[in-house]
Amino acid sequence: MKVDTAYPKIEKLKSKKRITQLFVEGKTLTVFPIKLIYLNTENQEGLIQAGVTVPKKNFKSAVKRNHIKRLLRESYRLNKASVFNNTEGNFAFLFLYLGKETLPFELVERKMKQLLNKFNSTEGSIG
RNA sequence: AUAGCAGGCCACCUUAUCGCCGUGUGCCGAACUCGUUUCGGCAUCUAUUGAGUUUUGCUUCAAGGUUUAAUAGAUUCUGAAUCAAGUUCAGAACAAGGAGGAAAGUCCGGACACCAUAGUGCAGUAUAGCGGGUAACGCCCGUCCGCCGUGAGGUGAGGACAAGUGCAACAGAAAGCAAGUACAGUUCGGCUGUAGUGAAACCAGGUAAACUCUAUACGGUGAAACGUCAUGUAAAUCAGUGUUUAAGGGCUGCACGCUCAAGCUGAAGGGUAGGCGGUUAGAGCUUUUGGGUAACCAAUAGCCUAGAUAAAUGAUAAGGUUCUUCUGAUUUUAUUCAGAGGUUACAGAAUCCGGCUUAUGGCCUGCUUUUUUU
RNA sequence: CGGGAUGUAGCGCAGUCCGGUAGCGCACUCGGCUGGGGGUCGAGUGGUCGCAGGUUCAAAUCCUGUCAUCCCGA
């Protein structure tokens with residue numbers, strides 16, 4: 001299977017309603033410092049939408065917040081193929097950054113891989 | 001060389017691999033180096049300019065709509081919607097672009113939108129030598145005066161206490177309808193001068209960043225304004241009818257003024273979540289010339305320069321650049337060289353402009369003080 | 001994006017409107033009462049009034065700027 005590393009606009013989680021729904025009903029997986037909130041959605045087909053959040057409380061500087069969001073987005077983009085290949089169905093993802101200090105990309109990517117593997121082992125067998 | 005003052009400029013760079021965002025990519029004919037080429041014609045769209053016509057206001061004139069002419073720029077492929085073209089949506093390829101000097105704080109001033117065409121009075125707020133700049137300002141420029149600095153320079157809410165009211169700790173006889181110490185002089189009624197306290201003492205006292213007065217300016221609410229599309233069951237909305245006692249509502253606190261109401265008939269709509277417009281061509285940027293001491297203004301030529309919305313402008317690798325830590329060598333010290341590691345200062349557009357303030361890395365220019373030499 | 005509030009002793013607050021002494025409670029230190037603790041009584045220590053500038057003879061208080069924290073509105 002071809003490894004698709006693109007992250008176009010459709011795959012971004014944008015609906016405000018969907019996000020609040022995630023916080024209320026979603027299940028969570030944590031590999032510190034990243035926390036994944038996910039939910040199985042029925043509306044659209046063959047699509048996994050993902051979003052990224054860094055709380056303002058931990059990072060006051062907008063530059064640092066943007067930087068961490070970019071790192072999370074990049075690591076998800078490079079490793080999302082494993083999720084696409086192992087599961088079927090529609091999911092909404094939201095990645096929360098719980099740490100209070102910035103980390104280099106190498107570490108963030110390693111944690112992201114661990115997190116996605118964890119997701120595959122819990123949800124992949126069902127789907 | 002040292003310490004300092006003022007002004008200006010830049011905002012890490014290069015290559016490779018993966019990504020993100022919005023913008024653009026007609027028809028016919030001819031030519032050749034046959035291509036995502038060049039040239040010419042036609043059509044459409046956009047922008048600018050000129051002309052005609054029309055609407056509104058306040059005359060010259062200004063703003064908007066529409067028609068036409070000129071100039072400039074753009075018009076690829078695939079799939080879907082559609083009778084077709086055009087157009088719209090999605091994707092691919094290509095092309096040219098993609099954070100700041102403060103984008104920040106939100107402290108002032110505007111543009112723009114709605115509320116009556118934005119009105120009247122009071123209240124309230126702000127400003128305050130004089131002159132100028134500007135769309136406007138509490139900003140900027142020039143200048144007088146005061147204060148600070150040896151100086152280059154910096155800084156100042158700098159009108160009025162000869163309208164009224166208030167306030168003045170301690171000290172002092174006395175801090176304001178008054179009362180009165182000591183000494184000296186004397187025309188011995190009283191008056192004049194000096195002393196002492198204090199920031200300030202018979203003088204039209206001091207104090208207005210005390211109330212206040214004078215002059216000037218300011219209507220309110222903010223892109224969550226506002227318009228529009230889809231969904232569509234109430235209050236409210238719009239149109240017609242109705243016309244009174246007017247409570248009350250209508251986006252400033254109060255008063256005036258304007259306007260609306262209840263009921264009936266008809267129309268079409270709300271909450272919530274969302275799409276599109278507003279939304280990026282503008283008091284725009286750069287060059288040259290002229291006017292002005294300057295801020296700035298005028299003319300000319302060129303340019304198009306981010307538009308995201310859980311929020312794009314990035315990540316990784318290598319090399320250089322900047323800074324810094326450690327080790328070794330050299331040198332009287334400063335420093336220089338080599339190796340290793342860490343780093344790229346402050347900081348992220350959110351309707352848009354003009355300022356102010358704050359954060360911060362580096363470079364350059366001019367000037368001043370002190371010391372040394374000539 | 002818009003609106004508002006608060007910074008005073010180790011902690012929680014007065015004082016700010018209307019300018020001249022910085023105070024209250026808890027805590028802390030010392031001493032008394034008790035055999036000791038607790039409790040109580042008395043005395044004492046401790047504050048750049050967030051920071052910077054200005055007005056004033058004099059500023060926690062008036063004015064301007066700025067920093068930090070917290071809250072509210074969609």
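Here the structure is a predicted model, which means the values were calculated and not measured. All chains are named by letter (A, B, ...) in the order of the sequence lines, taking the proteins before the strands, and each is independently numbered beginning at 1.
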Return no unless some side-chain N or O of [X] is found under 4.0 Å from OP1 or OP2 of [N].
{"X": "R70(A)", "N": "G19(B)", "result": "no"}
{"X": "S61(A)", "N": "G348(B)", "result": "yes"}
{"X": "R65(A)", "N": "A347(B)", "result": "no"}
{"X": "H67(A)", "N": "A347(B)", "result": "no"}

Any side-chain heavy-atom pair of [X] and [Y] under 4.5 Å:
{"X": "Y97(A)", "Y": "L71(A)", "result": "no"}
{"X": "H67(A)", "Y": "F59(A)", "result": "no"}
{"X": "K69(A)", "Y": "L72(A)", "result": "no"}

message: Taking only the C1' atom of each, what is the distance from U313(B) to G361(B) in whole angstrom?
response: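 It comes out at 23 Å once rounded to the nearest Å.
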field: G156(B) versus C67(C) - spacing of their C1' atoms, nearest Å
entry: 25 Å
If the glycosidic angle is within 90 degrees of 0 it's syn, otherwise anti, so just tell me which one [N] is.
{"N": "U56(C)", "answer": "anti"}
{"N": "G189(B)", "answer": "syn"}
{"N": "U305(B)", "answer": "syn"}
{"N": "G101(B)", "answer": "syn"}
{"N": "A338(B)", "answer": "anti"}

- request: For A209(B), give its Watson-Crick or G-U wobble partner with both distances under 3.5 Å, or none.
  value: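 In the structure as shown, A209(B) has no Watson-Crick or wobble partner.
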field: C326(B): pairing nucleotide in any strand, Watson-Crick or G-U under 3.5 angstrom
entry: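 Pair assignment: C326(B) / G339(B).
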- request: Assign the ring pair F119(A) / F93(A) to parallel, tilted or perpendicular, where the plane angle (0 to 90°) is split at 30° and 60°.
  value: perpendicular
